[in-house]
Every structure is written in structure tokens, then in C-alpha cells.
Amino acid sequence: MQTGRYIGVMSGTSLDGIDVIVAAIDQNIVALQASYCHPMPLEIRQQILSINQGQSVTLSQIGRLDTRLGRLFSEAILQLMTQEGLSARDIVAIGCHGQTVWHEPQGDAPFSMQLGDNNIIATQTGITVVGDFRRRDMSLGGQGAPLVPAFHRALLTHPTERRVVLNIGGIANISLLSPGEMVKGFDTGPGNILMDAWIWHQQQQPYDKEGQWASTGQVDSVLLSAMLDDPWFKRPVPKSTGREYFNFAWIENKLSAFPPIPPENVQATLLALTAISVTDLIKQQGHWDRLLVCGGGGHNKALMQKIAALLPSTHVALTDEVGISSDDMEALAFSWLAYRTVSGLPGNLPAVTGAKDFTVLGAIFPANTLSTR
Ligand SMILES: Nc1ncnc2c1ncn2[C@@H]1O[C@H](COP(=O)(O)OP(=O)(O)OP(=O)(O)O)[C@@H](O)[C@H]1O
Ligand SMILES: CC(=O)N[C@H]1[C@@H]2OC[C@@H](O2)[C@@H](O)[C@@H]1O[C@H](C)C(=O)O
């Protein structure tokens with residue numbers, strides 16, 4: 001087992017910044033030591049957004065973005081290392097998720113594309129990098145996502161309590177941890193992504209702070225039903241999604257069947273859509289003692305209140321309550337997945353992703369031990 005210090009890097013669908021953590025890992029003990037969020041330059045954010053929403057792009061643009069993201073991730077890692085006084089020899093490996101620019105897990109040629117050249121990261125940091133986590137699972141017929149349920153299972157399973165872990169990032173996903181049962185997990189659909197897109201178009205704000213704007217509006221129940229009728233919500237598991245499907249065009253398409261609706265009511269309806277799509281799926285799976293929330297959506301007070309109201313007999317709290325930073329969960333997961341890979345251990349859960357088998361995930365970009373620097 002390659003125990004020791006690992007770095008985890010996550011840049012998710014919200015494009016709000018690059019989360020970097022350092023953790024000490026010994027099997028299923030993952031102790032967070034420090035974290036840092038590196039800003040995502042607006043120009044890079046816009047490029048990712050346009051690719052992610054289906055605008056045409058040249059191979060040169062993709063290649064250049066891959067290089068620029070590789071440099072940006074390196075910068076973020078080096079910043080955290082400087083902040084913490086760490087050198088390359090203090091770290092076993094870096095687990096870098098990369099930036100998803102397209103995720104198409106179904107069809108006759110499924111794929112998931114993450115950018116951010118890991119060769120650059122290995123060179124600039126002098127540390128072994130593990131990346132490309134999703135495609136080995138896909139090669140076995142899996143969705144390649146969500147991957148965090150394996151981490152949630154390892155760290156948050158309770159001997160008697162039935163727990164759900166809910167990540168509310170751009171997209172939301174759940175892990176159902178029931179003692180003695182196989183873990184279930186899947187993407188439930190939009191987390192913050194639609195609320196972020198709507199407030200951006202209406203007010204040029206990146207997100208609705210604590211859900212304050214949504215709280216000034218009324219849920220439009222007819223619009224809500226039309227949104228919940230979207231076939232994605234009825235798809236059987238395993239399932240995963242992304243910005244290619246849930247985006248501003250999706251909102252416009254749903255609104256096109258309606259006379260003008262006050263924008264704050266649309267925001268309230270989008271908040272309700274996230275809360276209901278998540279809690280309906282949780283309720284379908286029986287009674288749950290505790291719902292542990294992570295991801296940026298945990299800061300949206302109005303959303304948390306709505307989720308708690310929809311699950312009156314479940315205790316709803318952030319994962320911080322059980323000792324794991326809700327803001328750092330995904331970056332922690334990728335440090336642990338890197339540990340699994342360099343230790344030759346499987347990282348996927350076939351019951352979650354639909355893959356035919358367990359597998360070691362990712363590709364290893366070794367530190368250059370020949371370096372004379
Ligand atoms: N104070 C706040 N009030 C309301 N929403 C917030 C607040 N802070 C963060 N958020 C929401 O959380 C989002 C960022 O969440 P997070 O960093 O978990 O997403 P991500 O990791 O990029 O997404 P994913 O998990 O889908 O990859 C922001 O875009 C915003 O919508
Ligand atoms: C393709 C992709 O990047 N998917 C992300 C996204 O963000 C949340 C949800 O959609 C989840 O499926 C996944 O991320 C987490 C880290 C996962 O794989 O578990």
C-alpha cells in the first residue's frame with residue numbers, strides 16, 4: 001500500500017475555481033491537511049463553457065486549452081505546496097481529475113473528455129500524477145461517473161445508520177450507504193448549474209448567494225412539472241450527466257412553451273427542481289436516517305431548507321458534521337483515487353457505474369527520476 005501524502009485536484013462543472021487539497025492517506029483514513037482554491041481565469045472559463053455547450057471548436061483550440069489547463073493546474077498545486085512549505089518528495093502522487101469538456105456516456109461510441117495535460121503537471125511539480133480516471137470504467141461498459149460513491153462508501157459508511165451522501169455541485173449526485181447492502185449511486189440531474197445559468201443571464205451574478213433571489217420568487221408549479229417531465233429524470237440507473245445536457249438552452253427550451261414568467265419565479269422554480277429531483281430519488285429508495293450534503297450547494301440556505309422540508313424524517317446536515325469538509329470532498333476523493341491507483345487497487349464501483357467489473361482507474365504519469373534539476 002502506497003500510504004503517505006497525496007494531493008487532490010478538482011475542477012468541476014461549476015467552473016468556479018480549482019480546488020486543491022493535500023491529505024495524509026492510510027487505507028481508508030484520509031486526513032485533510034490543507035486546501036486552496038485557485039481562481040479560474042474568465043477567458044478559460046468562457047472557452048470551456050462554449051465547448052461544453054456544443055459550440056464548434058477546432059482541434060487547435062482543444063489542444064491549446066489542454067496545455068493551458070495543464071499549466072493552470074500546476075500553478076494551483078505549486079501555490080498550495082508553497083503555502084504549506086511542501087516539496088515534491090513530501091508527496092506520493094497527485095490525483096488530478098482534469099476539466100470535463102464533454103461527457104457522453106451513452107450511444108454507440110461513449111466517451112468522457114477531461115482536459116489539462118498531466119505531462120505538464122508531472123514536469124512542473126516533479127511529482128507523479130494520476131489522471132484520466134473515468135475512461136477505464138467506460139471501457140468496461142460503465143458510465144465513468146459518478147466516481148465519488150466509492151470514496152463515500154470507504155469513509156462514511158456507518159454500522160447501523162442508513163446514510164445518503166449528496167454532492168450538490170453543478171450537477172448533483174448521491175451515494176446511498178445502507179449497512180450490509182451494496183452501495184447505490186448516480187447523478188440525479190442539475191445541482192446548481194441551472195440556477196447559476198439563470199442568474200448569470202438575468203443579473204450577471206455567478207450564483208444566487210444563499211438562494212436569496214430564489215427566496216423572493218414563487219415556484220411556478222406548471223413550469224416545475226414541465227421541467228420534471230424531462231425524459232432524463234425518468235432514465236433508469238446507471239446514469240450520469242453534465243453541462244452538455246443541463247444548460248441555459250435547456251431552460252430556454254422549457255420556458256418557450258410558456259408566456260413570460262417573472263425571472264425570480266423561474267429562479268425559485270429551478271431551486272425547487274433541484275430539491276425535488278434529488279429528494280424524490282432518495283425517497284424512492286426507502287427511509288434514510290441521515291442526509292450528508294457536500295459541494296457548493298450546501299451553502300445555499302434556501303436550497304438546504306427546501307431539501308430538509310422534503311425529507312422531514314431524515315436528519316439533514318453538511319458532511320462537516322461527520323468530520324469531512326463539504327467544500328473539499330471531491331478533491332479529497334481524487335487524492336484517495338490516486339492512492340488506490342498507485343497501490344494497484346480498484347477505484348470504481350460497478351454497481352454504481354454499470355461497468356462489467358472492478359478496475360484500477362486512471363493513467364500514471366511518473367515523476368521524472370532522471371531529472372538533474
Ligand atoms: N454562498 C453560496 N450560496 C449559494 N450557492 C453557492 C454558495 N457558494 C457556492 N455556491 C454554489 O456552489 C457552486 C460550486 O459548487 P462546487 O464547487 O461543489 O461545484 P463543482 O465541483 O464545480 O461541480 P460538480 O460537482 O458538478 O463537478 C457555485 O457555482 C454556486 O452555485
Ligand atoms: C463527467 C463528470 O465530470 N461528471 C462529474 C459532474 O459533477 C458531479 C457529477 O457530474 C459527477 O458525475 C461527476 O463528478 C464527481 C466528482 C464524480 O465522478 O463522482
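Remember, predicted model here, so these are calculated numbers, not experimental data. Whatever order the structure lists ligands and atoms in, that order sets their numbers, starting from 1.
Between Y207 and M195 there is no side-chain heavy-atom pair separated by less than 4.5 Å. A heavy-atom distance below 4.5 Å is found between the side chains of L270 and Q267. Considering only heavy atoms from C-beta on, T314 stays 4.5 Å or farther from D289 through its side chain. Between I94 and V9, some side-chain heavy-atom pair lies under the 4.5 Å cut-off. You'll find the side chain of P190 reaches within 4.5 Å of the side chain of F233, heavy atoms only.
Atoms of ligand 1 found under 4.0 Å from any heavy atom of G297 (numbered from 1 in listed order, with element): 12 (O). Distances below 4.0 Å separate heavy atoms of A145 from the following atoms of ligand 2: 12 (O). Annotation for ligand 2: atoms under 4.0 Å from non-hydrogen atoms of T100 are 1 (C), 2 (C), 3 (O). Heavy-atom proximity to N167, at under 4.0 Å, picks out these atoms of ligand 1: 25 (O). Contact atoms of ligand 2 toward I171: 8 (C), 9 (C), 10 (O) (distance under 4.0 Å to a heavy atom of the residue). Each of the following atoms of ligand 2 lies closer than 4.0 Å to a heavy atom of D187: 9 (C), 10 (O), 11 (C), 12 (O). Near F334, the atoms of ligand 2 lying under 4.0 angstrom from a non-hydrogen atom of the residue are 16 (C). Numbered from 1 in the order shown, with element, the atoms of ligand 1 that lie under 4.0 Å from a heavy atom of D16 read 14 (C), 17 (O), 22 (O). Every atom of ligand 2 is numbered from 1 in the order shown, and the set under 4.0 Å from a heavy atom of P146 is 12 (O), 17 (C), 18 (O), 19 (O). Set against the non-hydrogen atoms of H97, the atoms of ligand 2 under 4.0 Å away are 3 (O).
Scanning all protein heavy atoms for the shortest distance to atom 3 (N) of ligand 1 gives E210 N, 2.7 Å. Regarding atom 1 (N) of ligand 1, its nearest protein heavy-atom neighbour is H299 CB, 3.5 Å. The nearest protein atom to atom 22 (O) of ligand 1, hydrogens excluded, is given as S14 N, 2.9 Å; this is a heavy-atom distance. Nearest protein heavy-atom neighbour of atom 16 (C) of ligand 2: E330 OE2, 3.3 Å. Shortest contact from atom 13 (C) of ligand 1 to any protein heavy atom: N192 ND2, 3.6 Å. In terms of protein heavy-atom proximity, atom 27 (O) of ligand 1 is nearest to T13 N, 3.0 Å. For atom 18 (O) of ligand 1, the closest non-hydrogen atom of the protein is G296 N, 2.8 Å. Looking only at heavy atoms of the protein, atom 6 (C) of ligand 2 is closest to T13 CG2, 3.9 Å. Summary of contacts: the protein heavy atom closest to atom 8 (C) of ligand 2 is N173 OD1, 3.5 Å. Closest to atom 7 (C) of ligand 1 among all protein heavy atoms lies Y207 CE1, 3.3 Å.
The pair E84-R5 does not meet the salt-bridge criterion, since no charged nitrogen lies less than 4.0 angstrom from a carboxylate oxygen. Ion pairing between R45 and D16 fails under the 4.0 Å rule for side-chain N and carboxylate O. The pair D117-R71 fails the salt-bridge criterion, with no side-chain N (NZ, NE, NH1 or NH2) lying under 4.0 Å from an Asp/Glu carboxylate O.
On a distance-only criterion, E330 and ligand 1 share at least one N/O pair closer than 3.5 Å. The N/O atoms of G295, backbone and side chain alike, include none that comes under 3.5 Å of an N/O atom in ligand 1. Considering backbone and side-chain N/O of R134, one or more are found under 3.5 Å from N/O of ligand 2. An N or O contact shorter than 3.5 Å links V148 to ligand 2 by distance. For ligand 2, one of its N or O atoms has an N or O atom of L147 under 3.5 Å away.
Contacts between I193 and ligand 1, counted as non-hydrogen atom pairs separated by less than 4.0 Å, are absent for every part of the residue. Contact annotation: for D196 versus ligand 1, heavy atoms closer than 4.0 Å belong to the side chain alone.
A ring-centre distance under 6.0 Å is found for W232 and F246. Side-chain rings of F133 and H97 stay apart, their centers remaining 6.0 Å or farther from each other.
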### Task
Go through the steps to decide whether E252 and W250 satisfy the test side-chain hydrogen bond (donor to acceptor under 3.5 Å, both in side chains), and finish with yes or no.
CA-CA 6 Å; E252 280 187 311; W250 187 91; over 6 Å; no
### Message
Please determine whether side-chain hydrogen bond (donor to acceptor under 3.5 Å, both in side chains) holds for the pair E330 and N167, giving the CA-CA distance in whole Å, both sets of side-chain angles, and the decisive distance to 0.1 Å.
### Response
CA-CA 9 Å; E330 285 188 335; N167 167 48; 2.9 Å; yes
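When all heavy atoms of P149 and I174 are compared, the closest pair comes out as CG-O, 4.4 Å. Between L361 and G347, the closest heavy-atom pair is CD1-C, 3.6 Å.
Using a non-hydrogen distance threshold of 4.0 Å, F133 does not register as a contact of ligand 2. Look at G191 and you'll find every heavy atom at least 4.0 Å from all atoms of ligand 1.
Ring orientation note: the planes of F151 and W336 are tilted relative to one another, at an angle of 30° to 60°.
One hydrophobic cluster holds both I48 and I121 under the rule that ILVMFWY side chains link at heavy-atom gaps under 4.5 Å.
The nearest non-hydrogen atom to atom 23 (O) of ligand 1, considering only S326, G298, G12, G170, comes from G170.
A donor-acceptor contact closer than 3.5 angstrom links the side chains of R162 and S178.
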